[in-house]
Colleague: 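This is the structure, below, for whatever I ask next.
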Amino acid sequence: MVKKWKLTFAASIFLSLLCDSKYFYNILSMVETHNEHLETLTQIRSLMERSSRFISLSGLSGVAAGVWALLGAAAVYLYLDVPVFSSKHLYYEILHNGKWGMPYETFFVLDATIVFVLALVSGIFFTTRKAKKQGQKTWDAMAGRMLVNLAIPLVAGGIFCLVLYKNGVYGLVAPATLIFYGLALVNGGKYTFVDIRNLGITEIILGCIGLYYPGFGLELWALGFGILHIVYGLLIYYKHERKIDHEVS
Amino acid sequence: MKHLLDKLNSTKLDNRIRLGVMSMLMVNDWVGFGAIKEMLGLTDGNLASHIKVLEKEGYIDLKKEFIGRKPQTSYTATIAGRKAFDDHLKALEALLKGG
């Protein structure tokens, strides 16, 4: 009886040892493949990201656009010679003869055009720079897809604002530009960083609030195109670019 | 564990390149042959052979069209392909969690 017990005991130890060694081998191969699988998952993630999103967009281009917009707004304040948040109902009458050798409509259009061109140029500059650092092409299918989706609400909004202006609804032009610009960002944001979509939503909210305060179009523009661009530009830069800059330098 | 490994190897997605192709097709409607080749840094022949496997497996669909005068073949993931990809990823994740 005792002998039989001993035998089973020995057999069970032998078996468990065998199991252990098998298990041991399993663990060894698992550690080896573990890193491999982790790498595969990282690669898949990066491929999905790179093939569906335009990730060369630089946050610094947002910061630059914001700075130009604030300078543009400052130029308007200088031209009108009024402090921020003051009522601007009267100065259009006063300024009917214009200042600095041009009527205020011409000045506004000129100012806006200069801001737009400068923002575009610096945007292209910083984005090209980032793409080069990442070793990617600036212009690819993703960039094209983002721009087309950005353009659809933007063109519709442009036409809408022109008609508003033609019909003398000047007060709604500024909030309408913000709302349509926000819609464009939400639409184009699908093909780039999520932050762009969030910026779009913020612009839309700001524009909707602005609808109730038609006298403050300039402040609205300075806030929406200036401050918000700088804030989100910095956010994108710190989230997605600082690392690249550090790696390169 | 053995069961999980079998699951990983049962699909034709145990290959890096094929998995790469599927990753691209998961997030895009249609992707051209050239775009895949460029993104994965492959030669024509290499990619073609892997695509053939995916096609045979029923994971991808293709369409041929002319862009200007150049013929272009584009690919899209089928429902079976999407399921296989999802399963493969889930198996990978399970393996990683288990390890």
Side-chain angles (χ1 to χ4, degrees), chain A residues 16 18-57 131-132 134-149 152 187-194 196-197, chain B residues 1-9 11-42 47 50 54 59-60 67 72 74-77 81-82 84-99:
Chain A
S16 72
L18 194 76
C19 282
D20 270 354
S21 69
K22 227 179 168 183
Y23 189 60
F24 184 66
Y25 274 115
N26 253 340
I27 286 181
L28 262 188
S29 68
M30 259 162 55
V31 170
E32 202 177 284
T33 50
H34 185 274
N35 291 334
E36 217 173 285
H37 290 321
L38 206 65
E39 202 187 310
T40 310
L41 273 184
T42 320
Q43 272 180 352
I44 291 173
R45 241 188 88 134
S46 144
L47 259 176
M48 285 172 124
E49 179 112 340
R50 271 185 299 146
S51 69
S52 70
R53 286 169 188 276
F54 177 61
I55 53 169
S56 301
L57 187 70
K132 260 188 202 152
Q134 286 178 316
Q136 291 191 324
K137 279 193 281 180
T138 318
W139 184 262
D140 56 9
M142 296 313 123
R145 203 152 65 167
M146 185 193 71
L147 286 182
V148 167
N149 282 284
I152 296 168
N187 206 33
K190 279 180 287 192
Y191 303 104
T192 179
F193 302 117
V194 180
I196 293 295
R197 194 184 133 86
Chain B
M1 188 49 65
K2 187 96 178 58
H3 167 71
L4 280 172
L5 277 173
D6 282 345
K7 215 171 175 183
L8 265 188
N9 296 329
T11 58
K12 293 280 181 205
L13 295 179
D14 52 333
N15 174 287
R16 281 266 166 100
I17 294 169
R18 291 198 283 272
L19 200 56
V21 174
M22 286 309 289
S23 309
M24 285 184 72
L25 295 182
M26 286 299 284
V27 287
N28 292 288
D29 291 343
W30 289 92
V31 186
F33 186 90
I36 302 176
K37 196 181 80 174
E38 211 169 280
M39 182 69 84
L40 299 176
L42 301 169
L47 179 57
H50 285 296
L54 290 172
Y59 290 170
I60 57 174
I67 295 189
Q72 187 184 312
S74 300
Y75 301 90
T76 191
R82 287 176 179 275
F85 183 84
D86 278 337
D87 288 347
H88 190 84
L89 275 203
K90 267 181 206 145
L92 264 183
E93 273 163 10
L95 254 180
L96 284 176
K97 269 182 201 149

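Chain letters run A, B, ... following the sequence lines, proteins first, then strands; residues in each count from 1.
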Colleague: Distance from R45(A) atom CZ to L89(B) atom CG, nearest 0.5 Å?
Modeller: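 Nearest 0.5 Å value for the CZ-CG distance: 12.0 Å.
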Colleague: Between CG of L38(A) and CD of E93(B), what distance do you get to the nearest 0.5 Å?
Modeller: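 Rounded to the nearest 0.5 Å, the CG-CD separation comes to 10.5 Å.
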Colleague: Does the side chain of N28(B) come within less than 4.5 Å of R145(A)'s, by heavy atoms?
Modeller: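 Yes - at least one pair of side-chain heavy atoms lies under 4.5 Å apart.
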Colleague: Once you round to the nearest 0.5 Å, how far does CG of L19(B) lie from CG of L47(A)?
Modeller: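 Spacing of CG (L19(B)) from CG (L47(A)) equals 8.5 Å.
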Colleague: Please indicate whether R16(B) has more than 12 foreign heavy atoms, meaning atoms of other residues, nucleotides or ligands, lying under 6.0 Å from its CZ.
Modeller: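 Correct, the count exceeds 12.
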Colleague: Side chain, backbone, both or neither: which part of I36(B) has a non-hydrogen atom closer than 4.5 Å to chain A?
Modeller: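 Nothing of I36(B), per the 4.5 Å heavy-atom cut-off to chain A.
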